[in-house]
Amino acid sequence: MAINAREERETPMPASAPHPARIAAIRRRLLDWWRRDGRDLPWRRRRTPYRVWVAEMMLQQTQVETVRPYFARWLRRFPSFRALAAARQDEVLKCWEGLGYYSRARNMHAAARTVVHELGGRLPRTTAELRTLPGIGPYTAGAIASIAFGADEPVLDGNVIRVLCRLLAIRRNPSDARVRKSLWQLAGRLVPPGEAGPFNEALMDLGATICTPRRPDCRNCPLRTICDARAKGLQEQLPVKTRRKATPHYDVVVAVIIKGGRVLIDRRNDAGLLGGLWEFPGGKIEPGESPVQAVRREVREEIGIEVAPRSKPFITVSHAYSHFRITLQAFRCRHVRGRARAIGPAAVRWVDADKLTTYAFPRANQKVLRALQTLLSDRSSSAGESGKPEIA
DNA sequence: AAACCGTGGAA
DNA sequence: TTTCCAAGGTT
């Protein structure tokens with residue numbers, strides 16, 4: 001780890017900076033434990049730079065069990081930087097569909113093109129160069145450099161923060177930038193030269209399987225005899241956490257406009273929430289407005305056409321995003337007049353009802369889509385068992 | 001610095 | 001049901 005001597009003087013060491021003997025004990029116990037009890041994960045079978053990068057991007061704020069199927073599918077579909085760089089954004093987002101934080105997928109697409117077209121097809125080896133690629137911040141740079149390239153770099157993620165705060169009984173708030181900085185320094189001192197990758201993976205495995213946020217399994221912890229929080233009975237209290245503020249709630253409507261067997265959908269702008277994904281047109285209900293009025297207004301404003309919604313929604317969906325919640329009502333609509341055009345969205349398209357699943361939709365829209373298909377298939381099967389979908 | 005950016009599972 | 005939070009990054 002490259003340590004800037006000036007910053008080293010200006011930043012106060014943690015009061016509980018470990019002694020060399022303790023550092024050695026932490027390293028040895030953690031590595032011994034990990035070689036026996038470390039997790040066998042798909043992306044660890046072969047630690048190539050591409051596979052490590054894909055895994056680390058998917059694992060940002062996302063649990064291992066969620067990532068597992070996505071990782072397998074992604075590697076099959078985009079086995080290399082070159083394959084990813086050659087793909088279209090719609091294909092990339094379809095492969096990411098449902099994983100959330102979609103800027104990760106768009107950033108990976110852009111980064112792959114930079115790697116292929118400007119970096120000779122290879123990922124940089126240093127954290128500083130890695131950080132210049134979109135989607136790679138301090139954590140991911142350290143993870144790739146240490147795990148894929150064997151560089152002596154630390155990582156600091158939620159797991160490592162939790163383990164370190166408990167191990168040294170750090171009562172300061174890790175969301176404080178100064179505390180975060182000293183935790184990075186601490187992590188850097190702990191990294192055993194030449195074994196940063198295994199050590200970092202061990203630290204994260206410990207945090208994920210033993211030193212968990214709730215009810216840590218201290219009896220089976222390799223560090224139980226040298227853990228300050230354990231000695232003081234503080235393991236459940238650390239790390240200290242700040243109250244998160246209440247998330248707002250919005251009432252939202254969407255329009256399912258069907259005409260001649262085709263459905264009107266739009267693609268969201270790349271910047272912002274759910275960027276680049278397709279959706280049914282709609283938006284928030286304004287104060288004093290009825291749901292049906294909101295449908296008509298939103299479709300007029302965003303798509304430029306007049307529609308006649310049915311009086312009642314065919315499904316109501318509750319959904320939580322990262323920083324707000326919604327209740328979404330979906331209305332089937334008749335197209336009254338006008339030619340659809342992308343006013344607010346990036347694009348609009350009339351799509352065959354049975355081709356909708358080839359587009360990348362956010363989860364809330366997927367719930368609407370499933371309800372719609374159930375509706376349409378029930379109708380066609382009860383209408384005459386012809387097997388042909390009949391779409392009004 | 002603080003807000004923004006998804007989703008699913010656990011308790 | 002609600003809240004928490006999980007291998008963070010960007011602006």
Side-chain angles (χ1 to χ4, degrees), chain A residues 38-39 41-44 47 51-71 93 96-108 110-111 130-148 154-163 173-178 180-181 184 187 197 200-209 211-215 236 239 241-249 268-277 279 317-327 360-367:
Chain A
R39 290 176 293 179
L41 300 171
W43 41 92
R44 292 180 177 174
R47 293 178 175 84
R51 290 165 57 89
V52 170
W53 171 65
V54 172
E56 293 301 340
M57 291 299 297
M58 288 186 170
L59 287 162
Q60 288 171 6
Q61 296 288 286
T62 309
Q63 298 184 140
V64 163
E65 291 312 311
T66 303
V67 166
R68 217 182 268 275
Y70 282 90
F71 181 80
L93 286 174
W96 197 271
E97 181 185 40
L99 197 51
Y101 287 137
Y102 296 93
S103 69
R104 291 183 292 174
R106 286 181 279 110
N107 284 336
M108 288 179 74
L130 286 164
R131 294 263 326 247
T132 67
L133 291 170
I136 299 183
Y139 163 77
T140 306
I144 295 172
S146 62
I147 295 170
V155 296
L156 191 73
D157 70 340
N159 285 316
V160 178
I161 289 171
R162 189 168 56 255
V163 170
N173 190 340
S175 64
D176 183 322
R178 296 165 301 176
R180 188 69 65 100
K181 187 170 181 178
W184 270 105
N200 289 338
E201 289 187 338
L203 219 38
M204 292 189 282
D205 280 8
L206 187 74
T209 65
C211 198
T212 50
R214 287 178 285 255
R215 297 181 52 78
E236 305 252 12
K241 47 201 168 213
T242 55
R243 286 277 165 261
R244 91 175 39 180
K245 62 183 202 178
T247 60
H249 175 275
R268 297 175 62 88
N269 294 297
D270 280 346
L273 186 74
L274 309 170
L277 273 68
E279 66 178 4
V317 171
S318 295
H319 191 77
Y321 294 100
S322 49
H323 56 297
F324 64 93
R325 296 174 299 114
I326 64 166
T327 301
F361 284 89
R363 276 293 190 240
N365 271 259
Q366 287 181 27
K367 297 175 191 172

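For clarity, every value in this text was computed on a predicted model and none was experimentally measured. Chain letters run A, B, ... following the sequence lines, proteins first and then strands; every chain starts at 1.
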When rounded to whole Å, the CZ to P distance for the pair A:R325 and C:dT1 reads 12 Å
Do A:Q61 and A:R104 have side chains that approach each other closer than 4.5 Å (heavy atoms only, starting at C-beta)?
no
Base, sugar-phosphate, or nothing: which does A:L99 touch, judged by heavy atoms less than 4.0 Å apart?
base
Heavy atoms only, 4.0 Å cut-off, all strands: where does A:W43 land among base, sugar-phosphate and nothing?
base
Among C:dC4, C:dA7, C:dG8, the nucleotide that comes nearest once only the side chain of A:R214 is considered
C:dC4
Do A:L277 and A:E97 touch side chain to side chain, with heavy atoms closer than 4.5 Å?
no
With a non-hydrogen cut-off below 4.0 angstrom, is A:V67 in contact with a base, only sugar-phosphate, or nothing?
nothing
Describe the nucleic acid contact of A:L41 in one word from base, sugar-phosphate, nothing, applying a heavy-atom distance below 4.0 Å.
base
A:Q63 side chain near C:dA6 phosphate (N/O to OP1/OP2, under 4.0 Å)
no
Checking B:dC4, C:dT10, C:dG8 against the side chain of A:H323 (C-beta onward), the nearest is B:dC4
Can you tell me how far P in B:dA3 sits from the matching atom in C:dA7, rounded to whole Å?
24 Å
How is A:T62 classified with respect to the nucleic acid when contacts are heavy atoms under 4.0 Å: base, sugar-phosphate, or nothing?
base
Using a heavy-atom cut-off of 4.0 Å across all strands, would you classify A:R44 as base, sugar-phosphate, or nothing?
base
Presence of donor-acceptor pair under 3.5 Å, side chain of A:R39 and base of C:dA7:
yes
Would you measure the distance from the C1' atom in B:dG6 across to the matching atom in C:dC4 and give it in whole Å?
15 Å
Whole angstrom is fine here: how far is it from CZ in A:F324 over to C1' in B:dG6?
10 Å
Just the rounded figure in Å: distance from P of B:dC5 to CZ of A:R106.
11 Å
Report which part of the nucleic acid A:G98 touches: base, sugar-phosphate, or nothing (heavy-atom distance under 4.0 Å, all strands).
sugar-phosphate
Counting the atoms with a prime plus P, OP1 and OP2 as sugar-phosphate, which does A:A320 contact under 4.0 Å by heavy atoms, base, sugar-phosphate, or nothing?
base
Can you find a pair of side-chain heavy atoms, one from A:V54 and one from A:M108, that are under 4.5 Å apart?
yes
